[in-house]
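Worksheet: one structure, shown below.
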Amino acid sequence: MIIESADRHELASRTYPSTPPAPDVHRLAREIVADLTRSGILCPAIPGDALRGELTAVVRVCLGWLIRRLHGECPPQRLDRLEAAAGGWARDDVEIGTVLHAAHRAVKGGVELLVPSAGQKSGIDITVAITASVELLALITSTVSKAYVRELKSAAGAHHTDVHTVTSALLGGHTATAMARDASIRIADRYYVLALAVPAHRDENDPRLDRQVVARRKLRRLQSALATLLDRQALPLLSVDGGTILVPTDACTEDGIDDLVQKLSAATYVDITATVVSAGADDVPAATRQAHELLDIVEQLGLGARVHRFAELALEYQLTRPGVGRARLDRLLDPLDSHPELLQTLQTYIDTDRNRTRTARQLAVHPNTVDYRMQRIGELTGLDPTNSRTWWYLYSSLVARRSRGSAAIA
C-alpha cells in the first residue's frame, strides 16, 4: 500500500542502521503503528487499545521476522502472534480486506525504515530486501486468511446449530422466542412453509466417487445458496434428500417462491420439487404436515420438479385422505390387477394429458393399440374413458391407489 509522501519523507529522513539492534525494533514498531493510525486505515475498525497494544506487538513480531531474513537467516514460517490477533479481529467483524491493506502498508513502511534511502551506504542488497518483503507479505496473507477462515467456519457452525434448534422448535410447536433472541434470530409473524424433495445428483451414482461426500457437497451448495438469496432470513431444516424451509413472508413474495426454488435447483445442479403452504408462526407445525403431505402426492403422481400449491392439488389431496370413499375408489381398478399393461397405459394416458399419440410414443406402441387398451379398461371396470363423468372416477381411483403406493401401479 502507498504511504503518503509527507509521511514517507518523515520516515525516510531518519537514519537507521540497516539491521537495528533488538531495542530499536520496539521503537520502529511504534512508528509503523503511528503511521497506520494517521492513515485512518484501521480506525474505527480496530479500537484504540488494540492499536496501542496488540497491533504494536504483532508489528514487532513481523518486523523481527523481516530483520532476521535481511540478516540472511531463515525465520520460522509461522506467525502465531499474528494468527491469534487475526482471529480476534475476525470475531470483532473487522474486514479481512482492512487487515491485509494495513499489512501491506506496514511492510512497505518497515522496508523504508530498515533500508536507507538512495545515496546512503547500506550493506543490504535491494534484491534481498524486495525478496524478503514479498516473502513476509505472503506469510502474513496466508496467516491472516487461515485465521479468518477458521473463525468463519466456527461462527457458521454455531449459527447453523442455533438455526437448527430454533427451526426444530417452531416445527414442533414449541415457543422459540427466547432462544431465537439469544441467538439473534428473528421470528417472523408469518412464513411460507416449503417442503422440498432434493433428488440425487448424477455424481452420487458414480461408482468412482464417494456417494456421501457428493451428497454433502450438494447439501452445502443448497444451504449456501439459500443463505445468500434470503440474507440468512430463512429457517431451514434440511438433509441431502430434502426437508423443510421456513421463509418469512416479508422476505419473499408469493411469486418469488418459484424463482427461489429455481435458483436453488441451479445452485445444486438438480431439479428440486417443492410444495408451499403459508401460515402464521403458531400454525407452522400444521402447515408443515400439510406441505409434506402435498409433496408426497406430487411425488406419487409424478407431477414434476417445480413449486406446487394446495389450490392446484385440492382434489388429489382430498382423494388421498383415509376413509370409506378412498377405499371404494381404490377397488374400482381391481379388475386391472391382472392386466399390468392396462394399468400402465391408463397411467401414461393421464400423465400425457390424455394424448393418445404421446401415450403411444412413450409406450412404444401404435396409437390404435392405445385406443384398444382404453376400450378394454372400460369393459373391465365398467367405466368408459370417453365419458367425462366416468373418466373422473378412473382418474380418482388411480390417485387413491397411488397414494398408498400400490405395487400394481409401480
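One is the number of the first residue; the rest follow in order along the sequence.
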- Item | Backbone N/O of Glu204 and side chain of Arg211: donor-acceptor pair under 3.5 Å | yes
- Query: Looking at side-chain heavy atoms only, is the closest gap between Ser278 and Val193 below 4.5 Å?
  - Reply: no
- Is the closest side-chain donor-acceptor distance between Thr288 and Thr244 under 3.5 Å? no
- Backbone N/O of Leu36 and side chain of Ser39: donor-acceptor pair under 3.5 Å: yes
- Item | Donor-acceptor pair, side chain of Lys263 and main chain of Ala225, under 3.5 angstrom | no
- Message: Could you report the tightest heavy-atom contact between Ser397 and Leu333, atom names first, then the distance?
- Response: OG-CG, 3.1 Å
- Query: Is Asp258 paired with Arg306 through a side-chain N to carboxylate O contact shorter than 4.0 Å?
  - Reply: no
- Are the side chains of Val61 and Leu82 in touch, meaning some heavy atoms are under 4.5 Å apart? no
- Query: When you measure from the side chain of Thr275 to the backbone N and O of Ala291, does any donor-acceptor pair fall under 3.5 Å?
  - Reply: yes
- Query: Tyr191 versus Pro248: any side-chain heavy-atom pair under 4.5 Å?
  - Reply: yes
- Item | Donor-acceptor contact below 3.5 Å, side chain Trp65 vs main chain Pro76 | yes
- Query: Which pair of non-hydrogen atoms, one from Pro236 and one from Thr167, has the smallest distance, and what is that distance?
  - Reply: O-OG1, 3.8 Å
- Item | Side-chain heavy atoms of His201 within contact of Arg217, under 4.5 Å | no
- Any Lys/Arg nitrogen of Asp250 or Arg186 sitting under 4.0 Å from an Asp/Glu carboxylate oxygen of the other? yes
- Stepwise side chain to side chain donor-acceptor pair (under 3.5 Å) test for Asp351 and Gln347: CA-CA 6 Å; Asp351 291 343; Gln347 180 59 64; 2.8 Å; yes
- Message: I'd like to check Trp392 versus Leu315 (side-chain heavy atoms, cut-off strictly below 4.5 Å). Are they in contact?
- Response: yes
- Point-to-point distance, once rounded to the nearest 0.5 Å, from CG of Leu313 to CD of Gln290: 10.5 Å
- Query: Salt bridge check: are Arg202 and Asp206 linked by an N-O gap of less than 4.0 Å?
  - Reply: no
- Message: Could you measure the distance from the CG atom of Leu332 to the CG atom of Leu398? Nearest 0.5 Å is fine.
- Response: 11.0 Å
- Task: Hey, could you give me the CE/OH distance between Met374 and Tyr349, rounded to the nearest 0.5 Å?
- Result: 5.0 Å
- Message: A side-chain contact here means heavy atoms from C-beta on lying under 4.5 Å apart; do Pro385 and Leu394 qualify?
- Response: yes
- Test side chain to side chain contact (heavy atoms under 4.5 Å, CB included) on Leu294 and His308 and set out the steps. CA-CA 8 Å; Leu294 289 175; His308 300 267; over 6 Å; no
- Item | Contact check, side chains of Val107 and Cys62, non-hydrogen atoms, under 4.5 Å | no
- Output the distance between atom CZ (Arg60) and atom CD1 (Ile67), rounded to the nearest 0.5 Å. 11.5 Å
- Query: Testing Ile96, Val144, Leu55, Thr98 for side-chain contact (heavy atoms from CB on, under 4.5 Å) with Trp89, which one passes?
  - Reply: Leu55
- Message: Quick one: does any side-chain atom of Lys218 pair with a main-chain N or O of Tyr269 as donor and acceptor, under 3.5 Å?
- Response: no
- Check: Glu312/Tyr317 side-chain N/O donor and acceptor closer than 3.5 Å: no
- Would one find more than 12 heavy atoms of other residues, nucleotides or ligands at under 6.0 Å from atom CZ of Arg220? yes
- Note on the structure: In terms of heavy-atom contacts, Ala234 and Val247 come closest through CB-CG2, 4.4 Å
- Item | Ionic contact status for Glu73 with Arg69, cut-off 4.0 Å | no
- List the atom of Ala305, the atom of Asp271, and the distance in Å for their closest heavy-atom pair. CB-CB, 3.6 Å
- Task: Report the C-alpha distance between Ile272 and Leu222 in whole Å, list the side-chain angles of each, state the deciding distance to 0.1 Å, and finish with yes or no for side chain to side chain contact (heavy atoms under 4.5 Å, CB included).
- Result: CA-CA 10 Å; Ile272 295 176; Leu222 174 60; 4.2 Å; yes
- Message: Looking at Glu254 and Arg309, is there a salt bridge between them, counting it only when a charged N and a carboxylate O are closer than 4.0 Å?
- Response: yes
- Query: With distance as the sole test, does Thr345 use its side chain to make a donor-acceptor pair with the main-chain N or O of Glu341 at under 3.5 Å?
  - Reply: yes
- Item | Verdict with reasoning, Glu95 to Val99, per side chain to side chain contact (heavy atoms under 4.5 Å, CB included) | CA-CA 7 Å; Glu95 293 185 1; Val99 175; over 6 Å; no
- Using a strict 4.0 Å threshold on nitrogen-to-oxygen distance, state whether Asp337 and Arg401 make a salt bridge. yes
- Query: Going through the checks in order, is the side chain to side chain contact (heavy atoms under 4.5 Å, CB included) test met by Leu196 and Thr273?
  - Reply: CA-CA 6 Å; Leu196 263 63; Thr273 302; over 6 Å; no
- Could you grab the distance from atom CD1 of Ile245 to atom CG of Leu230, nearest 0.5 Å is fine? 8.5 Å
- Message: Can you confirm whether the side chains of Thr253 and Asp255 place a donor and an acceptor under 3.5 Å from each other?
- Response: no
- Glu112/Lys108 under salt bridge (Lys or Arg N to Asp or Glu O under 4.0 Å): CA gap, chis, key distance, verdict: CA-CA 6 Å; Glu112 290 180 345; Lys108 186 176 186 294; 2.9 Å; yes
- Query: How close do Val58 and Ala85 get, heavy atom to heavy atom, and via which atoms?
  - Reply: CG2-CB, 3.7 Å
- Item | Over 12 non-hydrogen atoms of neighbours within 6.0 angstrom of CG in Asp189 | no
- Message: Consider side-chain contact (heavy atoms from CB on, under 4.5 Å). Of Leu346, Leu343, Thr348, Val365, which one does Arg373 pass it with?
- Response: Val365
- Task: Compare every heavy atom of Ala29 with every heavy atom of Thr56, then report the nearest pair and how far apart it is.
- Result: O-CB, 4.0 Å
- Message: Donor-acceptor check, side chain of Ser145 to backbone of Thr141, threshold 3.5 angstrom: yes or no?
- Response: yes
- Message: As an exercise, state the distance from OG1 of Thr357 to NE2 of His366, rounded to the nearest 0.5 Å.
- Response: 9.5 Å
- Message: Counting C-beta onward and ignoring hydrogens, is there a side-chain heavy-atom pair between Gln223 and Leu226 closer than 4.5 Å?
- Response: no
- Query: Within the side chain of Ser133, is there an N or O that forms a donor-acceptor pair under 3.5 Å with the backbone of Ile130?
  - Reply: yes
- Are the side chain of Thr268 and the backbone N or O of Leu264 linked by a donor-acceptor pair below 3.5 Å? yes
